[in-house]
Visitor: 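The structure under discussion is supplied below as structure tokens; questions concerning it will follow.
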Amino acid sequence: MRVFVYPCFDQFGYQLVNYYLNSGVEVVGSGSLETEDEMFYFAMVGRNSNFNFVEGEEVEQREPFDQAFLIGEDFNVNAKQIFKLSTDENKNSDI
């Protein structure tokens, strides 16, 4: 199984990356490494052999990902399932 996460080093994206890596899944993450938080999250997962970081929007399309998680932004990715997630705190929810 291969999973793609963008952006992979915001607070929610990191949680997804960490979850899948701890489950033994191959994860490709994309985003930036501009803030201290992003650098910290990268340091936490960057040495995992199942993790591959791609800076910017250049993702190698050797085969479709099984799942792609796009958090608050669009990204051109080839995946069997694409989940577009919103982290907008102003939205109301009827849970």
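Keep in mind that the numbers below use all heavy atoms, side chains included, and drop hydrogens, waters and symmetry copies.
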Visitor: State, with a plain yes or no, whether a side-chain heavy atom of Phe42 is found less than 4.5 Å away from one of Phe40.
Guide: no
Visitor: From Arg2 CZ over to Asn50 CG, what is the distance, rounded to the nearest 0.5 angstrom?
Guide: 11.5 Å
Visitor: Which of these, Phe4, Phe83, Phe75, sits in a ring pair (Phe, Tyr, Trp, His ring centres under 6.0 Å) with Phe69?
Guide: Phe83
Visitor: What's the spacing between Leu70 CG and Ser86 OG if we round to 0.5 Å?
Guide: 12.5 Å
Visitor: For the pair Leu16 and Ile71, evaluate side-chain contact (heavy atoms from CB on, under 4.5 Å) and give the outcome as yes or no after the intermediate values.
Guide: CA-CA 10 Å; Leu16 283 169; Ile71 305 162; 4.0 Å; yes
Visitor: Would you mind reporting whether Gln11 and Tyr41 have side-chain heavy atoms less than 4.5 Å apart?
Guide: yes
Visitor: Does Phe53 form a side-chain contact (heavy atoms from CB on, under 4.5 Å) with Cys8? I'd like the steps, not just the answer.
Guide: CA-CA 9 Å; Phe53 176 70; Cys8 63; 3.8 Å; yes
Visitor: So which atom in Ala79 and which in Ala68 form the shortest heavy-atom distance, rounded to 0.1 Å?
Guide: CB-CB, 3.7 Å
Visitor: Could you check whether any side-chain heavy atom of Glu26 comes within less than 4.5 Å of a side-chain heavy atom of Phe51, counting everything from C-beta outward?
Guide: no
Visitor: Determine yes or no for a side-chain-to-main-chain donor-acceptor pair under 3.5 angstrom, with Ser30 supplying the side chain and Val54 the backbone.
Guide: yes
Visitor: Quick check for you: to the nearest 0.5 Å, what is the distance between Met1 atom CE and Asp66 atom CG?
Guide: 5.5 Å
Visitor: I want to check something: taking the side chain as every heavy atom from C-beta on, are Asp74 and Lys84 in contact at a cut-off of under 4.5 Å?
Guide: yes
Visitor: I'd like to know if the side chain of Gln15 and the backbone of Phe12 have a donor-acceptor N/O pair within less than 3.5 Å.
Guide: no
Visitor: Any side-chain heavy-atom pair from Phe9 and Leu33 closer than 4.5 angstrom?
Guide: yes
Visitor: Report the C-alpha separation of Phe65 and Val77 in whole Å, then their side-chain angles, then the decisive distance to 0.1 Å, and conclude whether the side-chain contact (heavy atoms from CB on, under 4.5 Å) test is met.
Guide: CA-CA 8 Å; Phe65 293 99; Val77 63; 3.6 Å; yes
Visitor: Is Asn22 reaching over with its side chain to a backbone N or O of Asn18, donor-acceptor style, under 3.5 angstrom?
Guide: yes
